Amino acid sequence: MNRIYTVVALALLSLMAAHARNPFVQTCYTTDPAPMVHNDTLYVYTGHDEDNADFFWMQEWRVYSTTDMANWTDHGSPLAIEDFSWGDDRAWAPQCIERDGKFYFYVPLHSRLTGAMAIGVAVGDSPTGPFKDALGKPLADGSWDYIDPTVFIDDDGQAYLYWGNPELYYVKLNRDMISFDGEVQRVPQSAEAFGPSKFVPMEADKKYRSSYTEGPWFCKRDGKYYMIYAAGGIPEHIAYSMSDSPTGPWTYMGVIMPQSDSTRSFTNHSGVIDFKGKSYFFYHTGCLPGGGGFARSIAVEPFTYNADGTIPTIQPTEGGVKAIECFNPAGRHEAETMAWSEGVKTRQSDATGVYLSDIHNGDYIMLENVNFDGVRPKKFGASVASGRRGGTIEVRTDSVAGPVVAVLDVPATGGWEKWRYLETKAAEGVAGVHDLYFVFKGRKGPELFNFDYWVIE
Ligand code: FUB
């Protein structure tokens with residue numbers, strides 16, 4: 001009997017553990033992920049597809065961070081079209097890099113100076129900003145194909161900026177990261193360098209467009225340079241080329257993420273990085289509810305380089321990356337840190353920063369791999385605001401209906417940004433590692449309250 005109970009309990013546990021992790025941001029549509037590691041934290045810089053868009057009418061860039069690859073903190077939007085006096089539209093694929101304690105945020109956007117796309121650079125003192133247009137004018141103002149900058153600093157200190165669709169350009173950056181050392185170069189394209197175009201049958205001795213399309217990601221590993229990019233035209237897959245030098249010549253190495261209708265997005269855009277000893281492949285799909293080609297969402301897969309440095313085929317999954325560390329619930333945590341959510345969104349204000357919003361009855365957030373050992377919670381507190389109705393926050397382990405850790409009543413506080421810190425007793429005895437759910441309850445239909453941060457003591 002005991003054995004049967006154990007088997008059933010284990011089966012239930014494995015079912016509970018099999019929740020989705022991709023797309024790993026559910027509170028809005030996010031695109032074009034560009035990972036960066038700084039001080040044991042992985043940051044991802046993204047674009048933001050507007051709700052109900054019929055094109056890439058994107059207005060801002062966003063930043064998310066994690067220390068455990070499962071629980072992500074939303075840092076909101078530290079940079080938007082409005083921060084570039086010369087820009088008027090299309091906040092497309094970004095990348096940020098640190099040099100000499102400053103953070104350089106490269107972005108493509110539509111320039112009112114030329115009526116075409118251009119590349120801007122903003123600078124900040126922290127990975128989450130604030131950022132300021134470093135030049136007050138475009139860094140590279142060329143033509144419609146000036147999009148998707150990728151930046152890399154080589155071991156000898158030389159920085160490179162690559163970009164372009166359908167041409168691939170590069171330029172050496174000066175140490176200041178905001179000016180060029182030399183002229184912009186166009187990379188020669190060939191089937192040998194970037195794979196054959198799928199549109200035209202290749203004939204010997206003729207020049208064709210290669211499969212390179214857009215979204216380059218430039219990086220280095222074990223002395224080899226990698227150019228990873230969206231390929232094959234629309235619909236895109238992700239392919240890569242390698243070189244012994246940062247400026248080529250490039251050798252086409254094959255497909256990394258094949259095109260798949262199941263991702264529901266005709267574009268794809270990758271970023272590859274090592275973090276805490278493991279390698280990760282970031283990309284985007286249209287797989288959030290209501291998603292599609294203009295409503296994309298970022299996702300991530302773990303992978304291992306082959307022994308010869310080549311990259312294996314990587315398929316999009318719902319399972320994504322499991323937590324690589326435990327989350328310590330003791331102390332104060334932002335409500336916009338989560339592994340998964342349903343129903344909620346985030347907003348930001350100058351006074352509060354980012355907070356959880358659009359909370360309705362039955363919505364929830366979940367944190368993965370939360371370790372209560374040694375915590376012995378006695379109190380649960382939360383900073384909340386509600387213009388009118390209020391509701392409750394149920395803190396539960398393992399599922400939306402799992403054992404209760406605490407229930408906090410949230411009254412109307414007199415305004416949607418009139419914050420009150422409220423506390424309640426926590427159930428004693430919670431121990432071990434659990435997924436932690438915050439389930440929101442109240443009247444059916446209306447927005448109930450906003451939620452800024454929580455505390456377990
Ligand atoms: O997100 C807008 C554009 O779509 C990006 O610049 C491209 O890489 C593609 O993902």
Side-chain angles (χ1 to χ4, degrees), residues 23 25 28-35 44-64 77 79-81 84 87-96 105-111 116-121 138-151 161-170 194 211-219 227-240 256-257 259-260 263-272 281-288 291-300 316:
V25 173
C28 69
Y29 296 118
T30 52
T31 72
D32 306 312
V44 179
Y45 297 81
T46 78
H48 173 196
D49 277 343
E50 296 287 315
D51 288 356
N52 308 313
D54 58 0
F55 182 62
F56 305 120
W57 304 119
M58 300 153 72
Q59 301 299 306
E60 63 179 23
W61 297 273
R62 301 184 67 83
V63 188
Y64 299 83
S77 170
L79 192 67
I81 299 282
F84 296 93
D88 59 6
D89 197 4
R90 297 175 211 194
W92 287 4
Q95 190 180 346
C96 187
F105 200 151
Y106 298 87
V107 293
L109 67 162
H110 190 259
S111 164
M117 294 300 284
I119 290 170
V121 56
L139 172 67
D141 205 346
S143 64
W144 277 104
D145 59 359
Y146 272 34
I147 67 168
D148 295 0
T150 177
V151 60
L161 191 73
Y162 273 86
W163 71 92
N165 165 352
E167 296 294 349
L168 178 61
Y169 301 94
Y170 78 87
F194 298 107
S211 80
Y212 171 84
T213 304
E214 61 178 353
W217 180 262
F218 183 32
C219 56
M227 189 62 67
I228 302 166
Y229 45 87
I234 301 293
E236 296 172 340
H237 60 272
I238 302 292
Y240 77 117
I256 300 177
M257 180 168 278
Q259 193 276 324
S260 160
T263 65
R264 308 208 295 261
S265 169
F266 58 85
T267 63
N268 201 347
H269 190 112
S270 60
V272 172
F281 179 86
F282 288 80
Y283 61 104
H284 69 215
T285 70
C287 288
L288 213 57
F294 302 119
R296 299 161 293 171
S297 291
I298 54 176
V300 59

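Every number for a ligand or one of its atoms is a count from 1 in the order of the listing. Please read all numbers here as calculations on a predicted model, not as lab measurements.
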Which atoms of ligand 1 are found less than 4.0 Å from any heavy atom of [X]?
| X | value |
| --- | --- |
| A93 | 6 (O) |
| M58 | 1 (O), 2 (C) |
| H284 | 10 (O) |

Could you verify whether a donor N or O on one side chain and an acceptor N or O on the other, from Y229 and D148, lie under 3.5 Å apart?
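Result is no, nothing qualifies.
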Whether F294 and F55 hold their rings parallel, tilted or perpendicular, with breakpoints at 30° and 60°:
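Plane angle between 30° and 60°, so tilted.
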Identify the closest protein heavy atom to [atom]: which residue and atom is it, and at what distance?
| atom | result |
| --- | --- |
| atom 6 (O) of ligand 1 | D148 OD1, 2.5 Å |
| atom 4 (O) of ligand 1 | R296 NH1, 3.1 Å |
| atom 9 (C) of ligand 1 | E214 OE2, 3.5 Å |
| atom 1 (O) of ligand 1 | D32 OD2, 2.5 Å |

Contact between W57 and R90 at the side-chain level, heavy atoms closer than 4.5 Å - yes or no?
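With C-beta onward as the side chain, the pair touches.
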Kindly indicate whether the side chain of N268, heavy atoms from C-beta on, has any atom under 4.5 Å from the side chain of H284.
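They are in contact (side-chain heavy atoms under 4.5 Å apart), so the answer is yes.
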Interatomic spacing from CZ in F56 to OG1 in T31 - rounded to 0.5 Å:
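If I round to the nearest 0.5 Å, the distance is 8.5 Å.
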With rounding to the nearest 0.5 angstrom, report the OG to OH distance, S265 to Y283.
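Rounded to the nearest 0.5 Å, the OG-OH separation comes to 11.5 Å.
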The criterion is ring-ring contact (aromatic ring centres under 6.0 Å, His included); which residues satisfy it with Y45, sequence neighbours excluded?
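ring-ring contact (aromatic ring centres under 6.0 Å, His included) check on Y45 returns F105.
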Under 4.0 Å, counting heavy atoms only: does E236 come that close to any atom of ligand 1?
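The answer is no: ligand 1 sits nowhere under 4.0 Å from a heavy atom of E236.
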Out of curiosity, is R90 lining ligand 1, as in a heavy atom under 4.0 Å away?
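Flag not set, R90 not near ligand 1.
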For ligand 1, which is the ligand I care about here, please tell me if H269 has any N or O atom under 3.5 Å from one of the ligand's N or O atoms.
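Such a contact does occur with ligand 1.
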